[in-house]
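Read the structure below first, then the notes.
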Amino acid sequence: MRWSQTFIPTLKEVPEGAEIPSHVLMLRAGLISQVMAGAYTYLPLGLRALRKAEQIVREEMDRAGAVELLMPALTPMSLWQRTGRDRDFGPVLIHFQLQRGNRKVHLALGPTHEEVITDLVARFISSYRQLPITFYQIQTKFRNEERPRFGVLRTSEFLMKDAYSFGTSLEQLNESYQRMYEAYCRIFDRCGLEYLAVEAESGPIGGEASHEFMVPAQHGEDVLVKCDRCSYAANTERAARRKTDQPPPTEDLQPLELVDTPGASTIEQVSRFLGCEPQRLIKTLIYLADGKPVAVLIRGDHEANENKIRRFLGASRLELATPEVIEQVTKAPVGFAGPVGLEGVPLYADWDVALVRNAVVGANQNERHYRGANLGRDFLVPEDHFGDLRMVVEGDPCPRCESGTLRTSHAIEVGHVFKLGTKYSQALGARFTDRDEQLREIIMGCYGIGVNRILAALIETSHDKDGIIWPLALAPFEVVVLPLNVQDEQVRQVAWKLHDELEAQGVEVLLDDRDVRAGVKFKDADLIGFPLRVTVGQRALKQGQLELKWRWSSQAISVPVDQAAEQIPQMLQQARSVPFRQLLQEQKQDTSQTSG
RNA sequence: CGGGGCGUAGCGCAGCCUGGCUAGCGCGUCUGCUUUGGGAGCAGAAGGUCGCCGGUUCGAAUCCGGCCGCCCCGACCA
């Protein structure tokens, strides 16, 4: 391909509004162009990279035995109503009415495809002999994101690989899950991403039923928690902590004191008003667990984890109580609930609540709090009502190993594998007849990969001040040939010939045939980040040489003109056999050695 | 949904507070000459509903009101 024949609108300056490296570089390198908030055109180079990521995903899905199909983005609203997900998705689901003749049809753009695929399976699969099976597609999804942001990371239209497994038993589900998990590892390895599979919130099935594939990156939207000693890693929703035998503080007990706190109902307001640290406060949250009110105590500076609370209570649904319920339970307006004298609701507490002495708590009276409240004396929580009920924070002890400490870091979620169970097969009647002639529901799993995010995550974690550093696997072109002066007949001949020879050997090569100054070509090549750059210039040509340079290396390699077409494919082959992260790492060491 | 910022040539910006000639600058584009291994130099040229609608005024990019769009922080995110 010749530069002048394609379309590569690189930008010298950072476009207004682009903040994070992947967004800035994708725009500047001419990979994408914004159409509106949350929707981008993939320009030729961006599309090539996207297609390469897509192809890697496809190959690994096929290898794992999944079968590809393509479902429509347009779906009937009735399908979403049958599973209740029209409600669950709320405004995120893009739906609309269309006029067709004298009637109206209500359609939704698929934000995901559990309903469509399960409906398909319900129609065509009826025997255990047809199972297990895993379907997948690579298709555009639509979600009305409240706030699209960070370039291609969060958009309202995005390319997703979604796979769905169907099986007769938990064993089959676990096998499918494991196969997908391993396929994901191969995919992200091949894409040159440094990733972590972390435990994620798993919903009704429980156990290790869900993993998110996260790429640690400074600008990631998600937060992952990782042990600094062992391999434990989880997302914040899921992350647990170990119970420590920390003794309660020895501070003297103070008398319980009722204080007026006019206008102060939030933790921040109360702590400022009373001049105490938030960790001295205990907040009392009233939840409805399967419809019944419970009170949960959490230290003021901590954040409740509703999933942990739900699991701890053995409830299937948990939601914050409405103001009406709260007033009924506490006999006070929202913001003044407290454990002292609270009757008629079971009381639960996070472990750390036991470590707060002389606490500040709501008084169950309007505009009043208690100071000097103490567990055991002023309120009681049964021993077995204490648990790990809050979000972990940096520095919490690891739940897996004895000595590790939890660390948090930002990350980009690129994939998610999830054991679904029978939620959709139940709602949509996807059943099969078992060997013993019993009608049973099909057990499902679902597995997603954000294809656009693969590119963004790669760029976030592989760039320098000059531009993107692509791995060969994702680069829009593997090789760029730079004839530095296209007016020079010899330069021209050598460059054009090399390009043709490489292309004939199946190398993805771009010839920068523009009549522009050398500097412009170098800058653009670095910005776009082609893995291998071949410079054809008069200087080296005098010695019968060409100059080769890997994007991740600071050193150029000289190669005789007549051997280049033969050597370059070999070099590419060799580079492909080395993990991309290792190439980057080796280069870092090289430069630190030479500069040190 | 709460808070903040921005909208002026293809791109990045100044001008606005304190209204007043023909609305500027850099980059890019086009023409010519020179230059040719890290975003060239000189000379010239084209390119604008100053986001939109309304108001105030002799006069609005500038002041006022409404609307639209974009970005950031927070909330939310099967």
Side-chain angles (χ1 to χ4, degrees), chain A residues 9-20 23-24 27-28 30 33-40 80 83-93 108 110-115 118 141 143-151 153-156 158 160 162 164 200-205 210 212 219 221-223 235-237 303 306-307 320 413 416 418-421 423-424 427 444 446-448 450 465-467 482-488 491-492 495 512 514-528 533-542 545-547 549 556:
Chain A
T10 58
L11 303 172
K12 221 184 251 194
E13 289 174 284
V14 177
E16 188 203 16
E19 306 268 329
I20 67 171
H23 193 196
V24 169
L27 289 166
R28 286 196 54 209
S33 171
Q34 180 169 8
V35 176
M36 59 177 196
Y40 291 84
W80 302 91
T83 57
R85 286 219 292 179
D86 55 331
R87 217 184 39 244
D88 295 346
F89 273 112
V92 172
L93 186 68
T112 173
H113 279 75
E114 280 83 1
E115 278 80 355
T118 309
K141 303 289 190 231
R143 295 184 190 183
N144 180 34
E145 291 294 344
E146 295 291 315
R147 180 143 96 79
R149 61 184 137 179
F150 296 149
L153 272 181
R154 179 160 292 265
T155 51
S156 23
F158 56 97
M160 180 167 162
D162 47 326
Y164 308 91
E201 203 38 62
S202 50
I205 290 220
S210 172
E212 286 174 353
H219 294 98
E221 282 192 284
D222 292 280
V223 174
N235 70 9
T236 45
E237 281 296 291
E303 199 182 335
E306 297 190 2
N307 290 299
L320 269 176
E413 182 189 350
H416 196 167
F418 197 94
K419 295 182 188 173
L420 274 176
K423 177 176 174 183
Y424 298 99
M444 295 174 57
C446 67
Y447 318 91
K465 64 172 174 40
D466 294 316
L482 303 190
L484 292 187
N485 182 354
V486 296
Q487 309 285 355
D488 183 290
V491 167
R492 223 182 139 82
D512 190 349
R514 295 175 297 171
D515 186 10
V516 294
R517 296 175 67 82
V520 174
K521 296 191 180 194
F522 285 129
K523 287 290 182 189
D524 274 345
D526 287 346
L527 176 60
I528 296 166
R533 187 184 81 191
V534 182
T535 306
V536 184
Q538 286 150 320
R539 203 163 70 192
L541 276 186
K542 286 199 184 104
Q545 305 275 308
L546 294 178
E547 182 193 286
K549 185 179 159 301

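Per chain, numbering begins at 1; letters A, B, ... match sequence-line order.
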task = Taking only Lys NZ, Arg NE, NH1 and NH2, and the carboxylate oxygens of Asp or Glu, determine whether A/Lys423 and A/Glu114 approach each other closer than 4.0 Å.
result = no
key: N/O (side chain, A/Arg539) to phosphate O (OP1/OP2, B/G37) under 4.0 Å   = no
query = Under 4.0 Å between a Lys/Arg side-chain N and an Asp/Glu carboxylate O for A/Arg149 and A/Glu19?
reply = no
inquiry  = Is it the case that B/G37 (base atoms only) and A/Asn485 (side chain only) share a donor and an acceptor within less than 3.5 Å, ignoring hydrogens and angles?
reply    = no
query = Considering only heavy atoms and no angle criterion, is a donor-acceptor pair shorter than 3.5 Å present between the side chain of A/Glu16 and the base of B/G7?
reply = no
ask   = Over how many whole Å does the gap from A/Gln538 atom CD to B/G38 atom P extend?
value = 13 Å
ask   = Does a distance-only test, which skips hydrogens and angles, find a donor-acceptor pair under 3.5 Å between the side chain of A/Arg154 and the base of B/C77?
value = yes
query = Can a side chain N or O of A/Gln34 be found less than 4.0 Å away from OP1 or OP2 on B/C71?
reply = yes
Closest-nucleotide ordering on RNA chain B, the 5'-leading residue of A/Arg149 and A/Asp466 = A/Asp466
key: Any A/Arg147 side-chain N or O less than 4.0 Å from OP1/OP2 of B/C73   = yes
query = Can you find a donor-acceptor N/O pair under 3.5 angstrom joining the side chain of A/Arg533 to the base of B/G38?
reply = yes
task = Give a yes or no on whether the backbone of A/Leu27 and the side-chain of A/Tyr40 come within a donor-acceptor separation of less than 3.5 Å.
result = no
note = Ranking A/Glu13 and A/Arg143 by the position along RNA chain B of their nearest nucleotide, the one closer to 5' is A/Glu13
message = Can you tell me whether the side chain of A/Arg28 and the base of B/G39 have a donor-acceptor pair closer than 3.5 Å?
response = yes
task = Answer yes or no: does a side-chain N or O of A/Lys12 lie under 4.0 Å from OP1 or OP2 of B/G28?
result = yes
